Chemist: 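What follows is a single structure, and I will ask about it in a moment.
Quick caveat, the model's predicted, so the values are computed rather than measured. Letters A, B, ... are given to chains in the order of the sequence lines, protein chains preceding strands, and every chain is numbered from 1.
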Number of protein chains: 2
Amino acid sequence: MSEIEPSWDFYRTFLTVLKEGSLSAAARDLGLTQPTVGRHIDALEGIIGFQLFIRSPQGLTPTEAALDLKPHAEQLAANAAALLRAATGQGKTVRGTVRISASEVIGIEVLPPMLAALNEQHPDLVIELSVSDAVEDLLRQEADIAVRMVAPAQDALVTRRIGGIPLGLHAHRRYLDQHGTPQKLEDLRTHRVIGFDRESAFVRAMRKRVPLLDIMRPTLKSDSNLAQMAMIRAGCGVGVCQVELARRDPNLVRLFRAEFELPLETFVVMHETMKTTPRCRVTFDALVEGLLAYIGR
Amino acid sequence: MSEIEPSWDFYRTFLTVLKEGSLSAAARDLGLTQPTVGRHIDALEGIIGFQLFIRSPQGLTPTEAALDLKPHAEQLAANAAALLRAATGQGKTVRGTVRISASEVIGIEVLPPMLAALNEQHPDLVIELSVSDAVEDLLRQEADIAVRMVAPAQDALVTRRIGGIPLGLHAHRRYLDQHGTPQKLEDLRTHRVIGFDRESAFVRAMRKRVPLLDIMRPTLKSDSNLAQMAMIRAGCGVGVCQVELARRDPNLVRLFRAEFELPLETFVVMHETMKTTPRCRVTFDALVEGLLAYIGR
DNA sequence: TATCTGATATACAAAAACGAATGAGCGAAA
DNA sequence: TTTCGCTCATTCGTTTTTGTATATCAGATA
């Protein structure tokens, strides 16, 4: 193995080949040609001293070693993208790209109007919305700003607590007409309940705080909150969703208003290195303001 | 501003110029030549669309924009280094470089014998010891393994709790001969006490747990635990240090054995992406074993 | 003042990287 | 089977990048 450090561009090429699965596809993606990409991989393999891919006429299949390096390369790409975002829109004007990460429900049901208003106000602002329930993307610089349901423990982050978004039990009017409206919590045992597929950390925590959830044995399961919401709207059964969202649909009925209300703590978080850029400040403030209004101050 | 993404190598060049302060110095550092480095900066400035440095016959002074980009570039460099470390020593053999981060006292007083034994056992292992009290270097990939005094909240980390390293009040025999041995805790008011310069988060937390610390008004201050330890050894006064370390010096006397003992929780932490590499496993295990032995099981 | 040492900028030649074109292998569909 | 579409490998000419050498400027020192 040679002692010289490889060109950082090789890492980018490596990652692209890993993602695309072939030299040709990677070349198209990178705006290079297939021989060049092949040479990059050759060079990288030469420097680090072992094989990264097994070549075949069907493409390149990564070796185990290559897969071990993948997360590193991905992080490198995320950082490079973050640097470029930080570079664009320097100065006092609000322009450039800001990447927002939010959970599915928030990102799809709640944020779009706010983002529309924001974009109206700042036409040169490009907003990227990453909808995912993965928590760790801020530290990996995969986003500049995130809307989170857990308090961030990291101190390299600028955090603003919004408050609790109330969750409630809901069902569609049509469902209740057919199956009857449960009067006591115990009645839920005989109802169709919409719940989580796997026991995530969040679900376990929620179950701990609200023991009555144990009564509800879900017969319709999905890990996607959005899918659960859709099932509730479609009249599949009884499920948990945001009170405010349910109120928008006049056919959705809230059940056990007194017995069941779960506040979902919400935070807007920004990476510290981004707090100087005007567009991040503006977006951060807009999200905070919008979400505060959403939960009713 | 052009639409093409800059070569990632430009970022490396940019960071080096930022650190070295001149094109020539950066060129020496990178193994390139001054015109090449200059061209890289020119190209990068052209792509991102604003000036990064003000050129002068004395060197290059970074603009404010360049300083804003610095942390990103540093992180990029850390990730690239981590990738390279992950790449070297693939396979089942224990070889390559492992970077360990530890606090000053641990890194200088406790770890070296363990690392010596480890290196004896694995001659092809290169050990880098980063001695610093900064906490966040694991996430930034500035180290592969860290010895920490706070429980890591991140779940991308492999954590092993060691236990509490006992801290105690100590003074040098010579100091006590001259100034007398304090009998009651209140006597400390009239003694020379070695303490912290600034009120760090750690100090505040400690003060909360052990109110009697308020009695001690330090007259000799340092933020470096190592310097505090040195002052105790030099007979400057009464201070807090690890019981085990004090025991090594027969001239150090422990005070208020019954009233004052503070366990310092200790953890060995490893980045998840490193847990497959043999050298990280081996080092991790050696640190865990060594530290467990150090605190007496 | 003259000189030496650091710096950046420029001109031109050498070296390296790249792209276009071509050949060949494999698998799916006609 | 034949053809088409996808792939990787190789060759060769060209473009791009880099290095060498030199000019120039600013500050420290004798």
Chemist: Nearest whole angstrom, please: distance from the P of C/dA16 to the CZ of A/Phe10.
Modeler: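 Distance, rounded to whole Å: 13 Å.
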
Chemist: Could you pull out the closest heavy-atom pair between B/Val17 and B/Ala26, with the gap in Å?
Modeler: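 Closest heavy-atom pair between B/Val17 and B/Ala26: CG2-CB, 3.6 Å.
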
Chemist: Using whole Å, report how far CG of B/Asp9 lies from P of C/dA17.
Modeler: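 About 11 Å, once rounded to whole Å.
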
Chemist: Should B/Leu115 and B/Ile100 be marked as a side chain to side chain contact (heavy atoms under 4.5 Å, CB included) after you check the CA-CA gap, both sets of side-chain angles, and the distance that decides it?
Modeler: CA-CA 10 Å; B/Leu115 300 181; B/Ile100 303 170; 3.7 Å; yes

Chemist: Would you jot down, in residue-number order, the residues of residues 23-36 of chain B having a non-hydrogen atom under 4.0 Å from DNA chain C?
Modeler: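 Close to the strand are B/Leu23, B/Ser24, B/Arg28, B/Gln34, B/Pro35.
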
Chemist: Would you name the heavy atoms of A/Thr33 and A/Ala27 that are closest together and state the gap between them?
Modeler: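 Taking A/Thr33 first and A/Ala27 second, the nearest heavy atoms are C-CB, 3.4 Å.
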
Chemist: Please report, rounded to the nearest Å, how far the C1' atom of D/dC8 is from the CZ atom of A/Arg39.
Modeler: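 These atoms are roughly 13 Å apart.
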
Chemist: Please state whether the phosphate of C/dC18, meaning OP1 or OP2, lies under 4.0 angstrom from any side-chain nitrogen or oxygen of A/His40.
Modeler: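 Yes, because at least one side-chain N or O of A/His40 sits under 4.0 Å from OP1 or OP2 of C/dC18.
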
Chemist: Would the distance check show the side chain of A/Thr63 and the main-chain N or O of A/Gln51 forming a donor-acceptor pair, the cut-off being under 3.5 Å?
Modeler: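 Answer holds: yes.
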
Chemist: Drop me the distance from B/Glu272's CD to B/Thr159's OG1, to the nearest 0.5 angstrom.
Modeler: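 Spacing of CD (B/Glu272) from OG1 (B/Thr159) equals 10.0 Å.
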
Chemist: In this structure, how many angstroms lie between the P atom of C/dA17 and the CG atom of A/Asp42, rounded?
Modeler: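 For the pair A/Asp42 CG and C/dA17 P, the rounded distance is 12 Å.
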
Chemist: CG of A/Leu52 to CD of A/Glu45: how many Å apart, nearest 0.5 Å?
Modeler: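 With rounding to 0.5 Å, CG (A/Leu52) is 4.5 Å from CD (A/Glu45).
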
Chemist: What I want to find out is whether A/Glu5 reaches B/Arg12 closely enough, with some N-O distance under 4.0 Å, to be called a salt bridge.
Modeler: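 Here A/Glu5 pairs with B/Arg12 in a salt bridge, since their nearest N and O are under 4.0 Å apart.
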
Chemist: Given atom CD of B/Glu45 and atom C1' of C/dA9, what is their separation to the nearest angstrom?
Modeler: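 From B/Glu45 CD to C/dA9 C1': 14 Å.
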
Chemist: In the structure I gave you, are the side-chain heavy atoms of B/Asn225 and B/Ser103 within less than 4.5 Å of one another anywhere?
Modeler: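 Not touching, per the 4.5 Å side-chain cut-off.
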
Chemist: Are any of A/Arg55's side-chain N or O atoms less than 4.0 Å away from OP1 or OP2 of D/dA9?
Modeler: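 For A/Arg55, the contact criterion (side-chain N or O under 4.0 Å from OP1 or OP2 of D/dA9) is met.
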
Chemist: The test is side chain to side chain contact (heavy atoms under 4.5 Å, CB included); show your working for A/Arg99 and A/Asp144 and say whether it passes.
Modeler: CA-CA 5 Å; A/Arg99 256 185 90 85; A/Asp144 304 319; 4.1 Å; yes

Chemist: Protein-nucleotides 24-26 of chain C N/O pairs closer than 3.5 Å?
Modeler:
residue: C/dC26; atom: O3'; partner: A/Gln58; partner atom: NE2; Å: 2.8

Chemist: Rounded off to whole Å, could you give me the CZ-to-C1' distance for the A/Phe53 and D/dC8 pair?
Modeler: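 One finds 14 Å between C1' of D/dC8 and CZ of A/Phe53, rounded.
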
